[in-house]
Amino acid sequence: MYRKTECVAMLLAGGQGSRLYALTEKTAKPAVAFGGKYRIIDFPMSNCVNSGIYTVGVLTQYQPLLLNEYIGKGGPWDLDRAQSGVTLLPPYQAKNGADWYKGTANAIYQNLDFINRYDPDYVLVLSGDHIYKMDYDKMLKAHKETGADATIAVLEVTLEEASRFGIMNTDDNLKIIEFEEKPKHPKSTKASMGIYIFNKDALEKYLIMDEAKENSSNDFGKDVIPAMLNDGLKLYAYPFEGYWKDVGTIQSLWEANMDLLGSRPTFDLRDNDFRIFSRNEARPPHRMGAEGRVENSLVTEGCEIEGVVVNSVLSSGVKVKKGAVVRDSVIMSDVVIGEDSVVNYTIIDSDTVIGKDCVIGAEKADGIGVCVVAGGLAVADGTKVPEGAMADKEFFEKSSN
């Protein structure tokens, strides 16, 4: 018997993240490392517990192994609870056969049994691949006050960016009168953040209706939200003011990491009133060698710095050897930067060893692209990797021929 819960959160975490290329070749996008000691999934998970929402379903699909291991029973987020907590929800084989999640709406539809266990009044639907801090309880209160059937969190974007998003046109009371999915000629700049609160009964009704439509793409933005509007349901926009970043590209992932730096960072993780929780390994303190130097950087536990690190983010266990220089870069866990090597404007994935006297990337400048080195590689001494390169195993095999 499950205890009735006012609001259940459903976190969509099955995305491939193909625009992150080598970084998501074997890893689901929400499991990608971020900010030295976090993974992207930590942000919506932490937002839930900071908002008092302790029943969370995490819908996984693409390359789920690392993500499943990382979430585990949910202890770091205080979600290891007997009657609620976190539940991993992969696609499964039912009596009528097995089916991958075909879209955001279909993913929730396939898990209506999980939602109904808790007999919730409201369902919060989230994406698992954005970097932000948000109190969902405030959004829920606004949803109740307006008497809405559905509430959509919106962020103001520039008119130039608006065609990349679902755009809301609202009246003066923020009631949604029109929704356009990625319009060529947007009529407003209120962009959907992919964060929805639904009255449970309305959500269930429209998911069942959508599933019955042969030509539906089974997507909230393309199908379910427009259907609700067409039928005259009350939908409201909820304005969000704060930092939010879709880290779906190499450039945006690099930028979001850089936003953590400085004495007054654009995105501050040091707010004890709204903490971001993560699963941390038991690593020793980082160590600075006699000639080591760090400027304006985040350096995580277990790092050993014998060289120079400037304006960079280092995850746990990174080793920067004597004479090596790392600038404007994001270095993920257990990477080794060999003696006298130079790494500029680069993201290096976990467990890669850069040999001696290598030059990776180029100094950051206008028109220069972020270089990416895949994880688990051994890069030979003296190797040069040009700016903007996507350096995976195949890249180095071709380079050696």
Side-chain angles (χ1 to χ4, degrees), residues 10-20 29-30 44 59 61-62 100-111 123-132 134 139 143 146 148-171 173-199 202-240 244-249 252:
M10 300 295 282
L11 205 166
L12 298 162
Q16 181 176 355
S18 58
R19 292 178 297 164
L20 292 178
K29 181 180 171 184
L59 287 69
Q61 181 159 282
Y62 172 79
W100 291 109
Y101 295 146
K102 295 179 288 186
T104 54
N106 174 260
I108 304 299
Y109 168 81
Q110 290 197 42
N111 288 284
V123 179
L124 169 66
V125 178
L126 306 168
S127 173
D129 50 12
H130 299 144
I131 301 296
Y132 66 110
M134 182 177 181
M139 182 177 174
H143 177 83
T146 59
D149 295 293
T151 299
I152 304 173
V154 299
L155 187 76
E156 288 287 345
V157 297
T158 65
L159 196 59
E160 291 74 22
E161 293 178 296
S163 59
R164 294 172 40 226
F165 296 89
I167 295 298
M168 252 70 54
N169 303 314
T170 68
D171 64 16
N173 296 317
L174 295 177
K175 184 177 181 181
I176 299 170
I177 56 178
E178 187 178 10
F179 182 92
E180 299 176 284
E181 182 68 14
K182 299 181 179 179
K184 292 183 178 180
H185 304 288
K187 300 174 185 176
S188 87
T189 54
K190 292 183 175 69
S192 171
M193 297 170 65
I195 299 171
Y196 312 99
I197 292 178
F198 296 96
N199 292 347
L203 174 64
E204 184 169 18
K205 174 184 175 181
Y206 278 84
L207 288 180
I208 292 170
M209 289 169 53
D210 182 67
E211 192 65 22
K213 294 178 181 177
E214 291 186 6
N215 297 322
S216 175
S217 55
N218 303 126
D219 183 81
F220 279 109
K222 295 177 182 178
D223 304 290
V224 175
I225 299 299
M228 287 181 162
L229 276 176
N230 289 339
D231 288 350
L233 270 65
K234 294 174 64 178
L235 275 67
Y236 279 81
Y238 177 79
F240 173 74
W244 181 86
K245 194 84 165 181
D246 180 351
V247 287
T249 65
S252 63

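Reckoned from all heavy atoms, side chains included, excluding hydrogens, waters and symmetry mates.
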Non-hydrogen side-chain atoms of L235 and M168 separated by less than 4.5 Å: no
As a quick check of understanding, evaluate side-chain contact (heavy atoms from CB on, under 4.5 Å) for T158 and T189, giving each step before the final call. CA-CA 6 Å; T158 65; T189 54; over 6 Å; no
Partners passing side chain to side chain contact (heavy atoms under 4.5 Å, CB included) against D231 (at least two apart in sequence or in another chain): Y206, M209, L233
Distance-only, no hydrogens or angles: does the S127 side chain make a donor-acceptor pair with backbone N or O of G194 under 3.5 Å? no
When you look at I195 and L124, which way does the side-chain contact (heavy atoms from CB on, under 4.5 Å) test go after all the steps? CA-CA 7 Å; I195 299 171; L124 169 66; 4.0 Å; yes
Note, Y109 side chain near I208 side chain (heavy atom, < 4.5 Å): yes
Does the plane of the ring in Y132 sit parallel, tilted or perpendicular to the ring in F240? Use 30° and 60° as the thresholds. perpendicular
Would a 4.5 Å heavy-atom cut-off, applied to side chains only, mark T170 and I177 as touching? no
Between N199 (side chain only) and A150 (backbone N and O only), is there a donor and an acceptor less than 3.5 Å apart? no
Among L126, L155, D246, which residue meets the side chain to side chain contact (heavy atoms under 4.5 Å, CB included) test with M193? L155
Does the side chain of V157 reach to within under 4.5 Å of the side chain of F165, using non-hydrogen atoms? yes
If the condition is salt bridge (Lys or Arg N to Asp or Glu O under 4.0 Å), which residues does E211 pass it with, not counting sequence neighbours? K102
Evaluate the criterion salt bridge (charged side-chain N to carboxylate O under 4.0 Å, His left out) for residue pair K29 and D129; output intermediate values, then yes/no. CA-CA 7 Å; K29 181 180 171 184; D129 50 12; 3.4 Å; yes
Would you say the side-chain atoms of D149 pair up with the backbone N or O of K234, donor to acceptor, closer than 3.5 Å? yes
Under a 4.5 Å cut-off applied to non-hydrogen side-chain atoms, are L59 and I108 in contact? yes
Give, for atom CD1 of I131 and atom NZ of K245, the distance between the pair rounded to the nearest 0.5 Å. 10.5 Å
Say whether D219 and S217, considering side chains only, have a donor N or O and an acceptor N or O under 3.5 Å apart. no
Would you call S252 and T249 a side-chain contact if the rule is heavy atoms closer than 4.5 Å? yes
Checking D171 side chain against K175 main chain: does a donor-acceptor pair fall under 3.5 Å? yes
Verdict with supporting geometry, T104 and N106, side-chain contact (heavy atoms from CB on, under 4.5 Å): CA-CA 6 Å; T104 54; N106 174 260; over 6 Å; no
P44 and H130: which non-hydrogen atoms are nearest, and at how many Å? CD-O, 4.1 Å
Show the numbers, then the answer: is there a side-chain contact (heavy atoms from CB on, under 4.5 Å) between Y196 and I225? CA-CA 10 Å; Y196 312 99; I225 299 299; 4.2 Å; yes
Write down the atom of M139, the atom of I152, and the distance for their closest heavy-atom approach. CE-C, 4.0 Å
Calculate, to the nearest 0.5 Å, the distance between atoms CD and CD1 belonging to E181 and I167 respectively. 9.0 Å
Search all heavy atoms of L159 against all heavy atoms of S188 and return the closest pair with its distance. CD1-O, 4.5 Å
Between F198 and F220 (judged by ring centroids, cut-off 6.0 Å), do the two rings come close enough to count as a pair? yes
Closest heavy-atom pair and its distance - H143, I197: CE1-O, 3.6 Å
Quick check: closest heavy atoms across Y236 and A148, and the distance to 0.1 Å? CD1-CB, 3.7 Å
So do Y238 and M134 actually touch side chain to side chain, heavy atoms under 4.5 Å? yes
Report yes if the side chains of P239 and E156 come closer than 4.5 Å at any heavy-atom pair, otherwise no. no
In terms of side-chain heavy atoms, does D223 have a donor or acceptor partner in N218 at a distance below 3.5 Å? no
How close do P30 and G128 get, heavy atom to heavy atom, and via which atoms? CB-O, 3.2 Å
